[in-house]
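Both backbone and side-chain heavy atoms feed into the values below; hydrogens, waters and symmetry mates do not. Here, residue 1 is the first one in the sequence, and each next residue gets the next number. Given the structure is predicted, the values throughout are model-derived calculations rather than measurements.
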Amino acid sequence: MIIKRKNYKAFGLTISSEIELPELQVSTEQVNKNETVEIKIENLTEKWNEVSANQKHIVVTEQFVMMKIPNSAIFYIEEGRNISVSPLEKSDESAIRLYLLGSCMGIVLMQRKILPLHGSGVVINGKAYAFIGDSGAGKSTLASAFLQRGHQLVTDDVIAVSLSQKGQPFVIPAYPQQKLWQESLDAFGLENTNYRPIYDRETKYSVPVASKFYDKTLPLAGLFELVKTEDGTTRINRIENLERFRTLFHHTYRNFLIPRLDLMEWHFSTSIQLLNYVSMFQIKRATAGFTANDLVSAIIDVINEEEQINEKHSNDFTHLHSYAK
């Protein structure tokens, strides 16, 4: 597991790691210390016993988060800059990588005050659009359907959203991989023998998508919440008013940590700024059957209609401004 320290890139950060992370792209860029996360192997048993008290799995403070994950490791994430890993006896290396690139990176982003949403992001009309939802809602499958139509992936599972100085939200690219269930592989005509099963999920696979990955930051233009429904119909409705805040909080990655990290005020302020720029929609899709391919066309229609409305409003404002002069 331990290797000569290697630099990778993901979420706009250089990840300098003593643990091999084949899912990530190797970084050859000059290291900026302020944008570097160091991953190291360290014996954390004594430290865990000191701080855990009656906590079985997680300890949260404003400075650090510690987690003890069965069959994996003890993780220590500090100030968005350092991740220490203490593998447990008979731990599985793939499980350690799964938590490093999932929960640990989500915590790193929060500690750096970068908003992590739970979902997948793709490029449409030169902007980033995100599909958010609960586990099993079909986020990665929908993103993969867009990739089949020639679009590119920006991120899968964790969507890192940063704000410009003017408050405009941007999606930071993650790394070129998706996680897809066997049902989705079958629907897209992909053979599971070509992919590595994800730890503890025999029918979910890591699918590399290097040729379909977009590795530059893009403005976030829209959010689509995926919700399953039993009535057999598919509907796309705009999310309005205060419901937008509830939806953003609900689909923030590992949102239970936000109050414990004393980040409620930051999250609310970030949400206000994000919602000044981003349209939000809810997609209710049928539970039965494979609907991803049909949803692609419906979503493209919604986005094109939204862009036409925004363009009209922009033109009306320009004409009004010219008239006022």
Side-chain angles (χ1 to χ4, degrees), residues 1-49 51-52 57-60 63-112 114 116 155-160 172-179 195-201 204-210 213 215 253-254 257:
M1 175 186 292
I2 302 177
I3 61 168
K4 181 180 178 181
R5 184 172 289 278
K6 187 181 292 186
N7 291 341
Y8 302 92
K9 58 181 179 179
F11 303 109
L13 302 168
T14 297
I15 300 174
S16 180
S17 179
E18 293 180 355
I19 297 175
E20 191 164 12
L21 301 170
E23 297 86 351
L24 304 189
Q25 295 175 306
V26 174
S27 175
T28 57
E29 300 171 2
Q30 186 173 353
V31 175
N32 180 333
K33 190 173 182 180
N34 291 329
E35 296 177 356
T36 298
V37 177
E38 291 196 1
I39 298 175
K40 63 181 179 180
I41 300 290
E42 182 181 0
N43 189 337
L44 297 170
T45 303
E46 186 174 335
K47 191 174 188 67
W48 172 257
N49 291 336
V51 303
S52 62
H57 299 299
I58 189 166
V59 176
V60 182
Q63 288 73 38
F64 69 84
V65 176
M66 283 194 83
M67 303 183 295
K68 186 175 183 180
I69 309 298
N71 303 317
S72 178
I74 300 171
F75 299 93
Y76 180 82
I77 307 100
E78 181 183 23
E79 297 181 346
R81 296 179 182 276
N82 302 297
I83 303 174
S84 297
V85 182
S86 182
L88 299 177
E89 187 177 355
K90 297 181 180 179
S91 61
D92 187 289
E93 185 176 339
S94 62
I96 290 176
R97 295 205 311 273
L98 184 67
Y99 283 101
L100 274 174
L101 299 179
S103 295
C104 290
M105 286 309 302
I107 292 167
V108 163
L109 293 173
M110 282 189 195
Q111 290 174 335
R112 286 176 171 265
I114 298 171
T155 184
D156 186 66
D157 195 33
V158 181
I159 305 168
I172 308 168
Y175 51 93
Q177 178 184 278
Q178 285 193 291
K179 300 181 181 76
Y195 309 116
R196 175 176 51 81
I198 294 174
Y199 170 75
D200 82 0
R201 297 182 182 181
K204 197 172 190 180
Y205 297 85
S206 298
V207 180
V209 291
F213 181 66
D215 64 356
Y253 193 78
R254 305 296 185 254
L257 291 171

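- Between I107 and M67, the closest side-chain pair of non-hydrogen atoms falls below 4.5 Å.
- Using a 4.5 Å heavy-atom threshold, the side chains of L109 and I172 count as separate.
- Take E23 and apply the side-chain hydrogen bond (donor to acceptor under 3.5 Å, both in side chains) test, not counting sequence neighbours, and it matches R97, R196.
- Distance check, rounded to the nearest 0.5 Å: SG of C104 to CZ of R254 gives 10.0 Å.
- Among residues two or more places apart in sequence or in another chain, the side chain to side chain contact (heavy atoms under 4.5 Å, CB included) test is passed with E29 by K9, S27.
- R112 pairs by the side-chain hydrogen bond (donor to acceptor under 3.5 Å, both in side chains) definition with nothing, not counting sequence neighbours.
- Looking at residues two or more places apart in sequence or on another chain, you find a side chain to side chain contact (heavy atoms under 4.5 Å, CB included) between S52 and W48, V59.
- For N32, the side chain to side chain contact (heavy atoms under 4.5 Å, CB included) test picks out N34, E35, with sequence neighbours left out.
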* Decide side chain to side chain contact (heavy atoms under 4.5 Å, CB included) for S91 and I96; before the verdict, give the C-alpha distance in whole Å, the side-chain angles of both, and the deciding distance to 0.1 Å. => CA-CA 8 Å; S91 61; I96 290 176; 3.9 Å; yes

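- Closest approach of Y253 to S103, counting heavy atoms only: OH-N, 3.4 Å.
- Y99 places no side-chain N or O within 3.5 Å of a backbone atom of S72 that could act as its donor or acceptor partner.
- Counting heavy atoms from C-beta outward, N71 and D92 have side chains that stay 4.5 Å or more apart.
- Here the side chain of D157 pairs no donor or acceptor atom with the backbone of G102 at under 3.5 angstrom.
- Heavy atoms only, all atoms of each residue included: G106 and P116 are closest at O-CG, 3.9 Å.
- The two residues F213 and P173 have their closest heavy-atom pair at CZ-CB, 3.9 Å.
- Atoms CG and CD1, from N43 and I74 in turn, are 7.5 Å apart once rounded to the nearest 0.5 Å.
- In this structure, CZ in F64 is found 6.0 Å from NZ in K47, a value given to the nearest 0.5 Å.
- Put simply, the side chain of D156 does not reach to within 4.5 Å of the side chain of V209, judged on heavy atoms.
- Using a 4.5 Å cut-off on side-chain heavy atoms (C-beta onward), Q177 and L101 make no contact.
- The shortest distance between side-chain heavy atoms of V65 and M110 does not fall below 4.5 Å.
- The line from CD of E93 to CD of E20 is 7.5 Å long, rounded to the nearest 0.5 Å.
- Summarising the geometry, atom CG belonging to N7 is positioned 12.0 Å from atom CG belonging to L13; distances are rounded to the nearest 0.5 Å.
- A pairwise comparison of heavy atoms in Y8 and S17 identifies CE1-CB, 4.2 Å as the closest pair.
- The backbone N or O of G80 lies less than 3.5 Å from a partner atom in the side chain of Q111, making a donor-acceptor pair.
- A side-chain donor-acceptor contact under 3.5 Å links E18 to the backbone of I41.
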Donor-acceptor contacts under 3.5 Å from residues 82-89 side chains, at least two apart:
residue: S84; atom: OG; partner: E42; partner atom: OE1; Å: 2.9
residue: S86; atom: OG; partner: E42; partner atom: O; Å: 3.4
residue: S86; atom: OG; partner: L44; partner atom: N; Å: 3.2

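- Note that NZ of K6 and CD1 of I39 are 13.0 Å apart. Values are rounded to the nearest 0.5 Å.
- The two residues I69 and F75 come nearest to each other via the heavy atoms CG1-CE1, 3.9 Å.
- Two residues are said to be in side-chain contact when any heavy atoms from C-beta on lie closer than 4.5 Å; V51 and M66 meet this criterion.
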